[in-house]
2 protein chains.
Amino acid sequence: MTQETQQDWHALQTTLMTVTPAVFRQQFLTRHHWEQAQFFLALDQPQRLRLYEVLTPQELGDLFDDIDDDDAQIPQFLSEMTPQVAADMLGAMYTDNAVDILEHLDKISVRRFLARMPHATAAEIRNLLHYEDETAGALMTTDFVAIESDQTVGAALELVRASANDAELIYYIYVLAQNRLVGTVSLRELLANDADVALAKLMNQRVISVPVTADQEDVAQKVRDYNFFALPVIDDQQQLLGIVTVDDIIDVIDDEAISDYSGLAGVDVEEVAEQPLRSALKRLPWLITLLFLGMSTASLINHYEALVSEASVLAVFISLITGTAGNAGTQSLAVAVRRLAFKDQTHTAMKLLLTELITGVMIGVVTGATITVVVGVWKHNFILGFVIGLAMCSAIIVANLAGSFIPSLMERLGFDPAVASGPFISTLSDLTSVLIYFSIAQHFIHFFVS
Amino acid sequence: MTQETQQDWHALQTTLMTVTPAVFRQQFLTRHHWEQAQFFLALDQPQRLRLYEVLTPQELGDLFDDIDDDDAQIPQFLSEMTPQVAADMLGAMYTDNAVDILEHLDKISVRRFLARMPHATAAEIRNLLHYEDETAGALMTTDFVAIESDQTVGAALELVRASANDAELIYYIYVLAQNRLVGTVSLRELLANDADVALAKLMNQRVISVPVTADQEDVAQKVRDYNFFALPVIDDQQQLLGIVTVDDIIDVIDDEAISDYSGLAGVDVEEVAEQPLRSALKRLPWLITLLFLGMSTASLINHYEALVSEASVLAVFISLITGTAGNAGTQSLAVAVRRLAFKDQTHTAMKLLLTELITGVMIGVVTGATITVVVGVWKHNFILGFVIGLAMCSAIIVANLAGSFIPSLMERLGFDPAVASGPFISTLSDLTSVLIYFSIAQHFIHFFVS
């Protein structure tokens, strides 16, 4: 927050608490809703209680439309309002946002709020609450502009004018025939044509839509591809149920990126700015799980302890081999997860695995050859160099395959492929690398130990 | 691609090559521009040559507006057209997209195309070509709707109607006074008001804009916060230079997410679906660099070889300690990079480091205590267990600090914090972990070796 904003907010807070509502309203309501929301979030409880009195439920709703629905304080805010104000405010919000808030509340509160809303609004919200999380249905709003296909441009413009205050997006007009979605017209086209032109003639009949059950990632991909501000959502009878707007799609894209990134790191990166104890508690389960996986690597080395006793030089290269294979595995994992996210349909799973196998062999051979020479020169022992090089080459090939195979397997088994995190792959690859390393070393030990 | 699409495209290709242009145009031009672009990208050269003849430069421009400007084939496509058609097409595109394409061409080609365009278009493009990559200036388009502040709603609506075909976005109207941006009016507000209302009375005077030099991430953050479809871009005299539209912001968000993800994995995940050789060549430089960093860990273990000879059990826990510390470091790295990306201003760098230090201590103590017990029980030797536990605890604390400190340092030095990739942190942490491990083991060796 800049100092300027701080001073501005401070002045506005003083106005809120000490001056007549009219003065505050005049200064406050000219701000953008997002700024209003930010101001609201910085208030203390007495200030908030005053704000609920000074603003109308509609004005509160505009502000709440711009609060992140994941905000943990929202139930607290709602409980501070009178139940009727809270219900009126939720009813005044865009339905998709109201639904997002209600989804975080207990069932009794939801029922109580719905009971205090106008019947139609409550029914609409109740309907939307049924859709599964992360689908088009859960993202969509019902505040759209739709018109019958036998109407004209003039009638559509009239409807847009009348809906200008309520609809979330008025820039696409959806054209219906017998309740089915049959076309779209943009406001741009309405404005560029005469009032008496028939919509049926003007409309785009190749409607791009998504089924209400569509995964949110697929919805996001369509918005990306077509550069639309909104996508219509239909049921299996082609009936228009709602629209998903681009601002919600941006949230989806952000969430998916964060979840991919978190998966790769084996940590919830949303923990940003939390207390150390909470951070530690979130990170520990995964670390301890991997610790026990790591224990199997330790017992494997333990199994070969006699070999290490005989040739302690073998210990020198353990971390080099496991580390390099782990790095290669992480690279291959990231590429595989990304491919799965894009549902790249020109490549079959087998073909991807083959590509990654060949890539792994190339990388393994080059890296193995490099380390053979380095170790050979360093230790004046090219047989030892060859053992290290061969082990590294094999370990890299296996880690690469694991990195690309495991995410596919996870997906096939119905898990999120991002569960196969970078730390998991590198810990697993430690195990295979050590196994490969000592098996090879055992074969050649008599050549490099005198 | 679905089979249906394939059949559809095949039929359309046949129409293109064998039937009169009118028939093809009728079937083709009703498609969405993105679908037209996808169809075009699947054509072979003779088919493309035919398409350039059948479509007008404006129609080709609509289609090219929806081709990814990074597409490596674009220069090839342009060279297939006659220079005049190519220039006309570029001139017909939205200026930001034309500029993105021209930025990938050599200077001589750019000059040749600009020379064949109308003077005004060429001047506009030439202007935009000057802005630095990844800034608001490089993202913006000059195809917006602006009007003087002494005009009325009616005049503004007239202007919108007249601009409907050329402007990239007609849903915000920018209000100017003496060339300075003084307000915005949405098309929604224009439609909801009478024609004779003065714009000066209606407009929103709290204009949210970005300077032309703003970093694209900051532009994206503003679009996220305010949920705008477009943001105006101004110079330091408040003059309106262009607008950045939300579709370009989605590309920015995607690019940033891919770059963060790639950074963490130490691989360019955009390599999806490439040839194995190209993948290998892209991944090898980083792997070989880390291999040499890993060599310093190997020489460190080598330095302690006598110790390993004496107590070969030490070798058993090398990969467990380096692996666990590496995992913890990767977690802390991911959180730090994310924090830096959000430019979280409520936390100073020092405070973040302190938070991560405390988190690291907690994680280190819990993990260290766990492994002390596990090793103590397994090896019937609690002194050995304590050595492993203490080493692991210390190694985790150091790795955690490195994971959060190094990205900040990178940023301070002017690099992208994402350069400090996961593989880099875990390879570096191998070195510190081994150093810590053997230093501690050396101190205690006489207690657990008989």
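Lettering of chains follows the sequences in order, A, B, ..., and the numbering in each one begins at 1.
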Closest contact, heavy atoms only, [X] versus [Y]:
X: B/S312; Y: A/V308; answer: CB-CG1, 4.1 Å
X: A/Q331; Y: B/A265; answer: CG-O, 3.6 Å
X: A/I363; Y: B/L287; answer: CG2-CD1, 3.3 Å
X: A/N327; Y: B/P423; answer: OD1-CB, 3.3 Å

Against chain B, label [X] side chain, backbone, both or neither, depending on which of its atoms sit under 4.5 Å from a heavy atom there.
X: A/L307; result: neither
X: A/F292; result: side chain
X: A/S332; result: both
X: A/N400; result: side chain
X: A/L284; result: side chain
X: A/D66; result: side chain
X: A/T367; result: both

Rounded to the nearest 0.5 Å, how far apart are [atom1] of [X] and [atom2] of [Y]?
X: B/K282; Y: A/T359; atom1: NZ; atom2: OG1; result: 11.5 Å
X: B/S319; Y: A/L431; atom1: OG; atom2: CG; result: 8.5 Å
X: B/R188; Y: A/Y171; atom1: CZ; atom2: OH; result: 5.5 Å
X: B/I249; Y: A/I253; atom1: CD1; atom2: CD1; result: 11.5 Å
X: A/D247; Y: B/D225; atom1: CG; atom2: CG; result: 12.5 Å
X: A/R161; Y: B/N193; atom1: CZ; atom2: CG; result: 10.0 Å

Start with the C-alpha gap between A/M362 and B/L277, add the side-chain angles, then the distance that decides, and say whether side chain to side chain contact (heavy atoms under 4.5 Å, CB included) holds.
-> CA-CA 7 Å; A/M362 290 177 181; B/L277 180 62; 3.9 Å; yes
Does any heavy atom of chain A fall under 4.5 Å from the side chain of [X], the backbone, both, or neither of them?
X: B/D430; answer: side chain
X: B/N204; answer: side chain
X: B/V374; answer: side chain
X: B/M392; answer: side chain
X: B/F228; answer: side chain
X: B/A37; answer: neither

For a 4.5 angstrom cut-off between non-hydrogen side-chain atoms, does [X] reach [Y]?
X: B/L290; Y: A/T324; answer: no
X: A/S279; Y: B/E356; answer: no
X: B/N227; Y: A/H33; answer: no

Output, in order, the C-alpha distance, side-chain angles, deciding distance and verdict of side chain to side chain contact (heavy atoms under 4.5 Å, CB included) for B/T30 and A/Q205.
-> CA-CA 8 Å; B/T30 53; A/Q205 295 179 49; over 6 Å; no
Any donor-acceptor pair under 3.5 Å from B/E305 side chain to A/V316 backbone = no
Would you confirm whether A/H32, through its side chain, and B/V207, through its main-chain N or O, come within 3.5 Å as a donor-acceptor pair?
-> no
